[in-house]
Amino acid sequence: NYLERVLFKMQELIDLHIEMNNTAEWYDGLFLLEDCEETLGFVFVACQTFIVGTISDSTGKYPKPQLSGKEKERAMKNAPQFKNLRTKIELINAVANYYKHKDEGTPMGQTKEILDAYGLLSEEFPINAAFELLAEDYKIKTLAQYLYVWTNHLFNELIKSSENPDLQEN
């Protein structure tokens, strides 16, 4: 699928950064962290795009409707909490928003709230720190695997609610 192909290329780029750090004298740890911060920012945005597409698909409506903030929020919370704070989906979304808007100043609203919950705004490289929280093996495929598990969960919930109309929310 498209997400896997994009993330595979991003992993190749991360691996290249690591190789450069190990072989090029001028490419120190600071260069590595800066380059990984940018590369991982793109990874989080790709994951966010997948998340929003999945939520849109899960409505079962065609043509696809304009999603409300409540619909997106409800779907992102439809997963186990991560480290007893928020869901991984909420964290991925917040990091993507942070990356897209980081040059505009301090994050606001839900983005700030979620990043603060994990102590990420006090980090020099908050995107790297978020990635390490979510993928302890430092492999991008770990994020993809989690997204697929969440997607299956979301669609299974949709199937259950369509089979039992009493479970559907108004």
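One-based numbering along the sequence shown.
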Give me the atom names and distance for the closest heavy-atom approach of [X] to [Y].
{"X": "E123", "Y": "G119", "answer": "CG-O, 3.7 Å"}
{"X": "I92", "Y": "Q48", "answer": "CG2-N, 4.4 Å"}
{"X": "M76", "Y": "T87", "answer": "O-OG1, 2.7 Å"}
{"X": "L85", "Y": "A117", "answer": "CD1-O, 3.2 Å"}
{"X": "I55", "Y": "A75", "answer": "CG1-CB, 3.5 Å"}
{"X": "F82", "Y": "L133", "answer": "CZ-O, 3.2 Å"}

Rounded to the nearest 0.5 Å, what separates atom [atom1] in [X] from atom [atom2] in [Y]?
{"X": "L154", "Y": "N78", "atom1": "CG", "atom2": "CG", "result": "5.5 Å"}
{"X": "S56", "Y": "I51", "atom1": "OG", "atom2": "CD1", "result": "13.5 Å"}
{"X": "E34", "Y": "T39", "atom1": "CD", "atom2": "OG1", "result": "11.5 Å"}
{"X": "Q145", "Y": "E4", "atom1": "CD", "atom2": "CD", "result": "9.0 Å"}
{"X": "I89", "Y": "F50", "atom1": "CD1", "atom2": "CZ", "result": "8.5 Å"}
{"X": "L32", "Y": "E37", "atom1": "CG", "atom2": "CD", "result": "11.0 Å"}

### Query
Taking C-beta and beyond as the side chain, do P107 and N97 meet within less than 4.5 Å on heavy atoms?
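Not touching, per the 4.5 Å side-chain cut-off.
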
### Side-chain heavy atoms of L120 within contact of Y98, under 4.5 Å
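SC-SC contact between L120 and Y98 ruled out.
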
Flag if over 12 foreign heavy atoms under 6.0 Å of [atom1], [X]:
{"X": "K141", "atom1": "NZ", "result": "no"}
{"X": "E104", "atom1": "CD", "result": "yes"}
{"X": "K9", "atom1": "NZ", "result": "no"}
{"X": "F8", "atom1": "CZ", "result": "no"}

### Query
What do the steps show when you test L134 against T142 for side chain to side chain contact (heavy atoms under 4.5 Å, CB included), and what is the final call?
CA-CA 8 Å; L134 290 162; T142 302; over 6 Å; no

Please check if [X] and [Y] belong to a single hydrophobic cluster, counting links between Ile, Leu, Val, Met, Phe, Trp and Tyr side chain heavy atoms closer than 4.5 Å.
{"X": "V95", "Y": "L3", "value": "yes"}
{"X": "L143", "Y": "Y138", "value": "yes"}
{"X": "F125", "Y": "L91", "value": "no"}
{"X": "L40", "Y": "L33", "value": "no"}

With distance as the sole criterion, is a donor-acceptor pair present between the side chains of [X] and [Y] under 3.5 Å?
{"X": "N1", "Y": "Y148", "answer": "yes"}
{"X": "E132", "Y": "N128", "answer": "no"}
{"X": "Y99", "Y": "E38", "answer": "yes"}

### Query
Is there any side-chain hydrogen bond (donor to acceptor under 3.5 Å, both in side chains) pair reaching into residues 108-117, and which pairs are they, with sequence neighbours excluded?
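Qualifying pairs: R86-Q110, R86-E113, K112-D116.
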
#### Entry: Pairs touching residues 13-34 that satisfy ring-ring contact (aromatic ring centres under 6.0 Å, His included), sequence neighbours left out
W26-F31, Y27-F31

### Query
Are I14 and F131 close enough, and set up right, to give a side chain to side chain contact (heavy atoms under 4.5 Å, CB included), and what steps lead you there?
CA-CA 12 Å; I14 293 285; F131 183 67; over 6 Å; no

### Message
Pair N93, F44 - check side chain to side chain contact (heavy atoms under 4.5 Å, CB included), show working.
### Response
CA-CA 7 Å; N93 185 63; F44 280 101; over 6 Å; no

### Task
Starting from the C-alpha separation in whole Å, work towards a yes-or-no answer on side chain to side chain contact (heavy atoms under 4.5 Å, CB included) for C47 and F42.
CA-CA 9 Å; C47 291; F42 284 113; over 6 Å; no

